[in-house]
Asker: 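Take this structure first; my questions come after.
Everything numeric here is computed off the predicted structure, so don't read it as measured data. Counting starts at 1 for both ligands and their atoms, following the listed order. The first residue in the sequence is number 1, and the count goes up from there.
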Amino acid sequence: MTVPNYKSKVVTAEEAVKVIKSNDTVHLHANSAYPDVLVKAMCDRYKELNNVKVMHLTTFHKAPYVEPKMAGHFVHEALFTAGNVRKAINEGRADCYPVFLSEIGWLMDLGRMPIDVCMLHLSPPDEHGYCSFGVSNEVSKTAAENAKIVIAQINPKMPRVLGDNFIHVSKLKYIVEVDAPLLEVPMVDANASEEEKKVYQTIAEYISSLICDGATLQMGIGAIPDAVLPFLKEKKDLGIHTEMFSDGLIDLIDLGVVNGEKKSFMPNKVVSSFVIGTNVVHDYIHNNPLIEFRSSKFVNDPVNISRNDNMISINSAIQVDLSGQVCSDSMGTRIFSGFGGQVDFVRGAMRSKGGRSILAFPSTTKNDTISKIVPMLTPGSGVVTSRADVQTIITEYGIADLYGKTLRERTKLLISVAHPNFREELEKQAREFKWLW
Ligand code: COA
């Protein structure tokens, strides 16, 4: 069956991007749904365009609009900072938003993040004319709903992922047909040394000890959340409500460990808003009735998260001070990543009956030369999870449950899970602060 109006909208990428004007804000589809062909055509026009804002969450392709020669033509505004735009941000050639992932969609709906052009990467339309947002719904569906103009590259290699994850062809101004494999992103710990893997394993075992049968899980971004999954094979009836997942989840579903049967909210569904992984997970989610993609404003809403009983959130951190303030997005003033959904899930898990939020990380980095538990955050560091929100901290040295604890109790607990080489100095500093006596 042919979709009415489809053919009349098909143009070249060069034609499609002519809708972009100087001073426009352009939103790009994220993760492996990055609309690479449209972005190339937009950047090829750079000499004709001035002050075009380019906004998006995590992407893994090269980002030509942050190259020094694009200054004045394009300015990137990161909704989450990934490796491809980090240098530009830290050299003052691009900007970023400190923002909860749950709130980006609301900001768009409220008109506080106006979007002129939304560029998408979609699956071909079904017989009713609906294209799937594929591997990545996040804030891109909301951006498309709010944008003045939507243009899309349509790719038969983009999986058709179910849920509230579709847009009708009638909403698209122009369509560019492409047929190309999606970018694959390997698991984070693929390059880890044997030593690092041992540390991840110890941390994963501590995390696993806090997960009961029937729990619902969120896994954030980074090496630790990825490392936990293989240690959950003995669990039963787990559920998933998570902003993202990767290849590692598939084994647990195949083994019947993850089945969603005990979920108190949206049972029998893996609720998520994007994947980051290889074609193994891209193929797995295609037309899979278990997978329910929704926008980040739904999935990351702390109220929705808390409707899952026994909700366990698992995220990581860059630095934690002795009072429990957690920095996850910067190293001092140097921006490294973003808020993402960390606080959304910390708060949602805390409000869930039987729930718990976990922040887990190796006690040190750079070959044991830097402690991640510090007396004070490095000046300029952003507090992502506040010390009033923080609950359970895990390193390879154990579990520190900070929830409802005094400053003195927290200090002791955090020193007990710091690397032994740093404990004496941490204790000395804590005594100078009068946090220990
Ligand atoms: N001081 C100096 N460097 C540090 C550091 C510190 N305290 N902590 C980490 N680093 C460096 C590491 O040495 C590593 O450097 P390298 O790439 O040169 O090896 C790099 O930063 C990455 O650190 P690592 O610990 O391997 O990070 P990760 O991949 O496990 O991710 C976060 C950890 C915190 C960066 C990641 O979870 C994140 O971006 N979080 C954002 C907030 C969040 O949790 N959102 C929810 C999901 S989106």
Side-chain angles (χ1 to χ4, degrees), residues 30-31 57-58 78-83 85-87 90 96-102 104 136 138-139 185-193 195-197 199-200 203-204 217-228 242-246 272-276 296 299-300 302 305 313-321 325-349 357-385 389-390 393-396 418-419 422:
N31 302 305
L57 282 165
T58 312
L79 295 166
F80 188 94
T81 300
V85 297
R86 197 172 285 142
K87 186 165 186 279
N90 290 305
C96 66
Y97 291 92
V99 65
F100 301 127
L101 183 50
S102 60
I104 297 172
S136 198
E138 23 80 32
V139 301
V185 184
M187 302 274 280
V188 178
D189 84 344
N191 301 321
S193 66
E195 207 53 41
E196 285 170 320
K197 283 186 186 158
V199 169
Y200 296 158
I203 293 173
L217 309 181
Q218 172 255 348
M219 290 81 54
I221 199 161
I224 300 294
D226 269 359
V228 177
T242 183
E243 70 193 48
M244 58 160 283
F245 63 93
S246 52
S272 189
S273 72
F274 61 94
V275 290
I276 296 179
S296 299
V299 175
N300 281 43
I305 296 164
S313 73
I314 306 163
N315 291 291
S316 197
I318 288 173
Q319 225 179 30
V320 177
D321 77 12
Q325 299 193 93
V326 180
C327 169
S328 315
D329 67 345
S330 68
M331 288 154 198
T333 55
R334 195 164 74 83
I335 301 296
F336 188 78
S337 66
F339 273 61
Q342 182 167 122
V343 179
D344 302 329
F345 277 91
V346 163
R347 291 189 174 157
S357 83
I358 296 171
L359 294 169
F361 48 85
S363 64
T364 59
T365 188
K366 307 288 183 209
N367 296 320
D368 291 344
T369 57
I370 297 178
S371 173
K372 289 171 80 96
I373 296 177
V374 290
M376 277 184 286
L377 297 180
T378 305
S381 300
V383 173
V384 168
T385 296
D389 282 312
V390 74
I393 299 280
I394 296 183
T395 72
E396 72 275 28
H419 191 287
F422 294 91

Asker: Against Gln218, only a single residue in Asn315, Asn300, Asp344 fulfils side chain to side chain donor-acceptor pair (under 3.5 Å); can you say which?
Answerer: Asn315
Asker: Under a strict 4.0 Å criterion on non-hydrogen atoms, which protein residues are in contact with ligand 1?
Answerer: Phe80, Gly220, Ile221, Gly222, Ala223, Glu243, Asn315, Ser316, Ala317, Ile318, Ser328, Met331, Phe336, Ser337, Gly338, Phe339, Gly340, Gly341, Gln342, Thr365, Lys366, Ile370, Lys372
Asker: Test Asp368 against His419 for side chain to side chain contact (heavy atoms under 4.5 Å, CB included), laying out the working first.
Answerer: CA-CA 8 Å; Asp368 291 344; His419 191 287; 3.8 Å; yes
Asker: Using the ring pair (Phe, Tyr, Trp, His ring centres under 6.0 Å) criterion, which residues pair with Phe336? Sequence neighbours excluded.
Answerer: none
Asker: Below 4.5 Å, heavy atoms only, C-beta onward: do Phe361 and Ile393 meet side chain to side chain?
Answerer: yes
Asker: Who passes side chain to side chain donor-acceptor pair (under 3.5 Å) against Arg347, sequence neighbours left out?
Answerer: Asp389
Asker: Considering residues at least two apart in sequence or located in another chain, which fulfil the ring pair (Phe, Tyr, Trp, His ring centres under 6.0 Å) criterion with Phe422?
Answerer: none
